[in-house]
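So the structure is just underneath, and the comments pick up after that.
The structure displayed is predicted, hence computed values, not measured ones. Within every chain, numbering begins at 1; the chains are lettered A, B, ... in the order of the sequence lines, protein sequences first and strands thereafter.
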Amino acid sequence: MSEDKSQAPADAAENSAANSAAAGEKEPDMGSLLKFRRQKLDRLRELGVDPFGAKFETTHAPGALQANFAEELPVKVAGRITALRDMGNTNFIDLSDLGGRMQIFVNKKQVGEEAWQIFKQLDIGDWLGVEGETFTTRTGEPSVKAQSLTVLSKSLRPLPDKWHGVQDTQIKYRQRYLDLIANERSRELFRLRIAMVAEMRRFLQDREFLEVETPMLQDVPGGAAARPFETYHNALGMELYLRIAPELFLKRLLVGGFTKVFELNRNFRNEGISRRHNPEFTMLEAYWAYADFEQMADLVEEMICHLAEKFCGGLLIEHKNEAGEVTKTINLSRPWKRTPYRDLIKGVAGDDWFDLTNEERRAKCAGELGVEISAEMEDYEVTQQVFEKLVEEKSIDPLYVTHVPKELVPLAKQNTSDDSVVDVYELVINGAEISPGYSELNDPDVQRSRLEEQAGEETQKIDEDFLLALEYGMPSAGGIGIGIDRVIMMLTGAESIRDIVLFPQLKRRDA
RNA sequence: GGGUGGAUAGCUCAGUCGGUAGAGCAGUGGCCUUUUAAGCCAUUGGUCCUGGGUUCGAGUCCCAGUCCACCUACCA
C-alpha cells in the first residue's frame with residue numbers, strides 16, 4: 001500500500017488508501033480502521049511472520065489456567081487478544097476463548113527486539129499463542145510472562161466495543177460470533193444451554209431411554225396441527241415436508257419393540273416468529289411403554305428439578321432485568337400442582353360456567369371476564385380462550401393441567417370414567433406451555449376416526465402407514481413433548497428465544 | 001396483518017426555538033517497566049436511514065418508504 005501525499009490533499013489520500021486497502025471489494029467505509037489493520041498485516045509479512053499462523057500446541061486453555069493457577073509454571077496458552085493495555089515497553093494483554101481469559105505480560109526486554117516488532121503489529125482481535133512462565137503481578141492478577149509469541153491469526157476488522165458489548169440486535173443475531181466475543185451474558189447462556197441439553201440426554205439415558213433419529217423429511221407431516229414447510233425431492237419426483245413432530249415415527253418404534261425411546265432434535269413449523277417462536281425449534285419427545293401420563297408427569301418434574309438444582313443453584317428460579325433486579329421468581333418446589341382443566345376454569349370463570357348456555361358464556365367473556373373472543377370461535381374454543389388468558393398466562397409456578405377436553409387433544413386416550421376428557425397433562429410454567437404429556441391413544445380404529453375428523457376433506461393428510469402400524473399393536477404408553485428452547489428460557493431467564501438459539505431465523509437482509 | 005416507539009462517527013449516545021455536527025470509547029502519533037472499562041498528551045474520523053415537501057436556511061417540521069425493537073394477531 002502506498003500513499004502519495006504530494007499529489008492530493010491529505011483527506012483524499014486517506015480515502016484512496018482506504019479503498020485500495022479493501023482490495024477493490026465493496027466494503028462499508030470504516031475510514032482508517034481497516035486500512036491500519038491491513039498495513040500491520042503487510043508489516044508482519046515483511047517481518048517474515050505468517051499472519052495466519054499454523055500449529056501451536058497449548059498446555060492450558062486460558063480459563064483452565066486461570067482456574068488452576070500455580071506460580072512459576074512453564075506454559076503455552078493461546079487465545080484471542082480481547083484487551084490490550086499499552087504501558088509503553090510493557091503491555092498487558094488478555095487472551096480469551098469461550099471458556100475464559102488469561103492475562104499475559106509482554107515486556108520489550110523479556111521477548112527481545114525481534115518479537116517486540118512483531119508484537120507492535122498486533123491488535124485487539126488477533127489470535128496469539130504465548131509461551132512463558134506464570135507469575136502474579138503487583139496488583140495480584142495471575143499472569144503469564146511472555147518469552148515468545150506465535151501469531152495465529154491477524155484480525156482484519158475491529159472487535160465490538162469492549163465496554164458496551166454488542167447492543168445492536170442485528171449484529172447480535174446475524175453475527176453471533178461477535179456477540180459471543182463481546183458479551184459474557186451470551187457466552188453464559190449458551191454454555192448453560194449446551195450443558196442442560198447434555199444433561200437431559202444423560203438423565204433419560206440413565207433411565208434406559210434409547211435416543212433415536214427419525215425422519216425430518218416426511219411424506220405426510222403428522223403428530224401436530226401446524227403448517228409445515230414444503231420441499232421437493234428431485235429424484236423421487238415427490239413433495240416432501242419438514243417434520244412438524246417426530247411423534248408418529250417414535251410410535252412406530254413402540255410397535256417395533258422399543259419400550260423406552262426418545263428423540264431430541266429440531267421440528268419445523270411454518271408459523272409466525274415471535275419472542276417465543278422460532279420456525280425451527282428443539283423438541284424432546286419421549287415414549288415409555290406401559291406407562292401413563294401421570295408417570296410421564298413425574299418424569300418431567302424430576303428432570304426439570306434436576307436441571308434447576310444442577311445448573312441454577314436450586315429450585316427458586318430468579319429472572320433479572322438488565323439492572324440485575326429480580327423481576328420474577330419461579331418456585332419449582334415439588335410436588336407440582338395437578339388440577340383438572342374444568343376446575344381451573346371454574347376457579348376463574350365461576351362454578352356455574354359449564355351450566356351456562358354458549359351464548360351466556362360468550363356474553364360473560366365480553367363482559368365481566370374481559371376476555372376477547374371472536375364470533376368464528378367454536379364453543380369449546382371460547383372456554384379455551386378463557387383458559388389461556390386467565391389461567392395459563394397468569395400461572396408462574398409449575399401447574400399440571402389435567403383432564404383436558406378431548407377436542408383439544410385428538411391423539412390421547414379418553415378417560416375411562418369421563419369420555420369427554422382425555423388422559424393428558426399440559427405443563428404450564430411462567431405463563432407458557434412447556435410440555436404436554438399423554439396416555440397415548442393406541443386403538444387403531446379410534447385413532448383413524450380422530451385423524452379423519454381432524455383432516456376433514458384433506459384425506460391426504462392422514463398417515464396411512466402409521467395407522468397400519470397401530471393395527472399390528474402399539475403397547476399402551478405414556479408420551480411427552482418438551483419444548484427445549486422454552487425450558488432453557490424459563491431456567492435461564494432469557495427474554496427471547498433468539499437469545500438461546502445460536503442462529504435464529506431472521507428476515508433476509510437486502511443489500 | 002394491526003398498533004407504538006426508534007434509526008446521528010467503527011461502537012455507545014447527546015444535539016436547545018429551524019441557524020456552520022458534539023462527547024466518551026475505539027483508532028492513529030508521542031512519552032512512560034505492573035495495568036484491570038481506566039496512565040498521560042495530541043489527533044483523525046459524519047450519506048444525521050432513503051426519497052420527496054415546507055423554508056432564505058432542515059439532524060430538527062410535514063409526507064411516503066426501508067429496516068429494527070416492543071405490544072398485538074396467527075400458532076398443539
Side-chain angles (χ1 to χ4, degrees), chain A residues 10-11 13-15 18 27-37 39-40 82-94 101-111 116 120 123-125 135-143 145 157-174 178 182 184 222-228 244-245 247 267 269-279 281 283 285 372 374 376 381 384 388 392 404 407-412 422 424 426 432-438 454 481 483 495-496 498 506-511:
Chain A
D11 58 349
E14 198 93 335
N15 284 338
E27 295 287 348
D29 183 12
M30 291 203 278
S32 53
L33 271 71
L34 297 177
K35 183 183 76 173
F36 284 117
R37 296 223 170 199
Q39 283 175 343
K40 289 174 182 172
T82 50
L84 200 157
R85 294 176 284 277
D86 182 353
M87 308 299 290
N89 290 327
T90 292
N91 277 222
F92 294 88
I93 61 178
D94 288 347
R101 61 161 209 106
M102 187 70 214
Q103 174 169 279
I104 312 295
F105 172 94
V106 185
N107 177 264
K108 188 175 181 178
K109 281 183 188 157
Q110 293 272 338
V111 297
W116 187 252
K120 295 312 283 179
D123 290 300
I124 289 175
F135 77 112
T136 303
T137 61
R138 192 183 294 169
T139 53
E141 174 86 4
S143 305
K145 192 174 291 180
R157 287 173 180 274
L159 254 39
D161 186 279
K162 71 179 172 192
W163 175 241
H164 296 97
V166 174
Q167 302 280 329
D168 184 328
T169 52
Q170 289 295 292
I171 294 172
K172 202 168 147 64
Y173 301 138
R174 290 183 198 274
L178 294 179
E184 170 57 24
R227 273 182 294 171
I244 54 177
E247 173 161 349
N267 288 348
R269 297 188 183 177
N270 206 339
E271 293 160 357
I273 293 178
S274 77
R275 201 166 60 85
R276 291 191 141 128
H277 296 81
N278 196 51
F281 61 99
M283 177 84 134
E285 285 200 15
E372 275 184 47
S374 65
E376 306 91 68
E381 287 177 318
Q384 176 62 7
E388 284 179 10
E392 187 173 285
V404 176
E407 294 85 357
L408 297 172
V409 192
L411 291 179
V422 287
V424 310
E426 181 66 61
E433 294 168 21
I434 293 282
S435 162
Y438 300 176
Q454 193 181 34
E495 287 183 0
S496 169
R498 290 174 171 180
L506 298 175
K507 198 169 172 178
R508 177 178 295 133
R509 185 163 47 179
D510 296 317

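Under the 4.5 Å side-chain criterion, counting only non-hydrogen atoms from C-beta, A/Pro279 is in contact with A/Ile273. The closest side-chain heavy-atom distance from A/Glu247 to A/Asn267 is not below 4.5 Å.
Of the possible polar contacts, none joining the A/Arg227 side chain to the A/Glu271 backbone as a donor-acceptor pair under 3.5 Å is found.
Comparing B/U35, B/G27, B/C68 by their nearest atom to the side chain of A/Gln170 picks out B/C68. In this structure, of B/A76, B/U35, B/C71, it is B/U35 that holds the atom nearest to the side chain of A/Thr139. With B/C32, B/U35, B/U33 as the choices, the nucleotide that has an atom nearest any side-chain atom of A/Asn107 turns out to be B/U33. Nearest to the side chain of A/Phe36, among B/A76, B/U35, B/U28, sits B/U28. The A/His277 side chain lies nearest to B/C75 when the options are B/G39, B/U36, B/C75. Residue A/Asp123 has its side chain nearest to B/U28 when only B/U34, B/A69, B/U28 are considered. The side chain of A/Glu433 lies closest to B/A76 when the candidates are B/U35, B/A76, B/U28. Closest to the A/Glu141 side chain, of the nucleotides B/C71, B/U35, B/C68, is B/U35. Taking the side chain of A/Met87 as heavy atoms from C-beta on, and the options B/C71, B/C68, B/U34, the nearest nucleotide is B/U34. The side chain of A/Ala225 sits closest to B/A76 out of B/A76, B/G27, B/U34.
A straight line from CD of A/Glu285 to C1' of B/A76 spans 11 Å, rounded to a whole angstrom. Distance A/Asn270 CG to B/A76 C1': 16 Å, rounded to the nearest Å.
Using a 4.0 Å heavy-atom distance criterion, A/Gln103 is classed as a base contact. Among the atoms of the strands shown, none is found under 4.0 Å from any heavy atom of A/Asn91. Residue A/Lys109 is in base contact, counting any heavy-atom pair closer than 4.0 Å across all strands shown. In this structure, A/Lys40 reaches the sugar-phosphate backbone alone: every heavy-atom distance under 4.0 Å involves primed, P, OP1 or OP2 atoms, never a base. Counting any heavy atom pair closer than 4.0 Å across all strands shown, A/Tyr173 reaches no nucleic acid atom.
In this structure, A/Arg276 does not reach the B/C75 phosphate: none of its side-chain N or O atoms is under 4.0 Å from OP1 or OP2. In terms of phosphate contacts, A/Arg269 brings no side-chain nitrogen or oxygen within less than 4.0 Å of OP1 or OP2 of B/C74.
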> Between A/Gln103 and A/Thr137, is a side chain to side chain contact (heavy atoms under 4.5 Å, CB included) present by the stated rule, with each step listed?
Replying inline: CA-CA 10 Å; A/Gln103 174 169 279; A/Thr137 61; 3.6 Å; yes
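Contacts of A/Lys40 classified as side-chain hydrogen bond (donor to acceptor under 3.5 Å, both in side chains), with partners at least two apart in sequence or in another chain: A/Asp123. Evaluation of the ring pair (Phe, Tyr, Trp, His ring centres under 6.0 Å) rule for A/Phe92 yields A/Phe105 as partners, not counting sequence neighbours. Here A/Asp86 pairs with A/Asn91 under the side-chain hydrogen bond (donor to acceptor under 3.5 Å, both in side chains) rule; sequence neighbours left out. With sequence neighbours left out, A/Asp94 forms a side-chain hydrogen bond (donor to acceptor under 3.5 Å, both in side chains) with A/Arg85, A/Arg101. Under the rule for a side-chain hydrogen bond (donor to acceptor under 3.5 Å, both in side chains), A/Glu433 has no partner lying at least two apart in sequence or in another chain.
Between A/Ala226 and A/Leu506, the residue anchored nearer the 5' end of RNA chain B, judged by the nucleotide with its closest heavy atom, is A/Leu506.
Taking atom C1' on both nucleotides, B/G19 is separated from B/U60 by 11 Å, rounded to a whole Å. Taking atom C1' on both nucleotides, B/C61 is separated from B/C25 by 33 Å, rounded to a whole Å. Comparing the P positions of B/C68 and B/G53 gives a spacing of 28 Å, expressed to the nearest Å. Nucleotides B/C40 and B/A21 are separated by 31 Å at their P atoms, to the nearest Å. Here the separation of B/G24 from B/U34, taken at their P atoms, is 26 Å to the nearest Å. B/U16 and B/G22: their C1' atoms are spaced 13 Å apart (whole Å). Comparing the P positions of B/G1 and B/C17 gives an interatomic distance of 37 Å, to the nearest angstrom. As rounded to the nearest Å, B/C63 and B/U47 have P atoms that lie 27 Å from one another.
Interface remark: the A/Arg138 side chain does not form any donor-acceptor pair with the B/U34 base, using a distance-only criterion of under 3.5 Å. In the interface, the side chain of A/Thr137 is paired with the base of B/U35 through a donor and an acceptor atom under 3.5 Å apart.
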> Tell me, what's RNA chain B's dot-bracket, Watson-Crick or G-U with both distances under 3.5 Å, | for other-strand, [ ] crossing?
Replying inline: (((((((..((((.....[..)))).(((((.......))))).....(((((..]....))))))))))))....
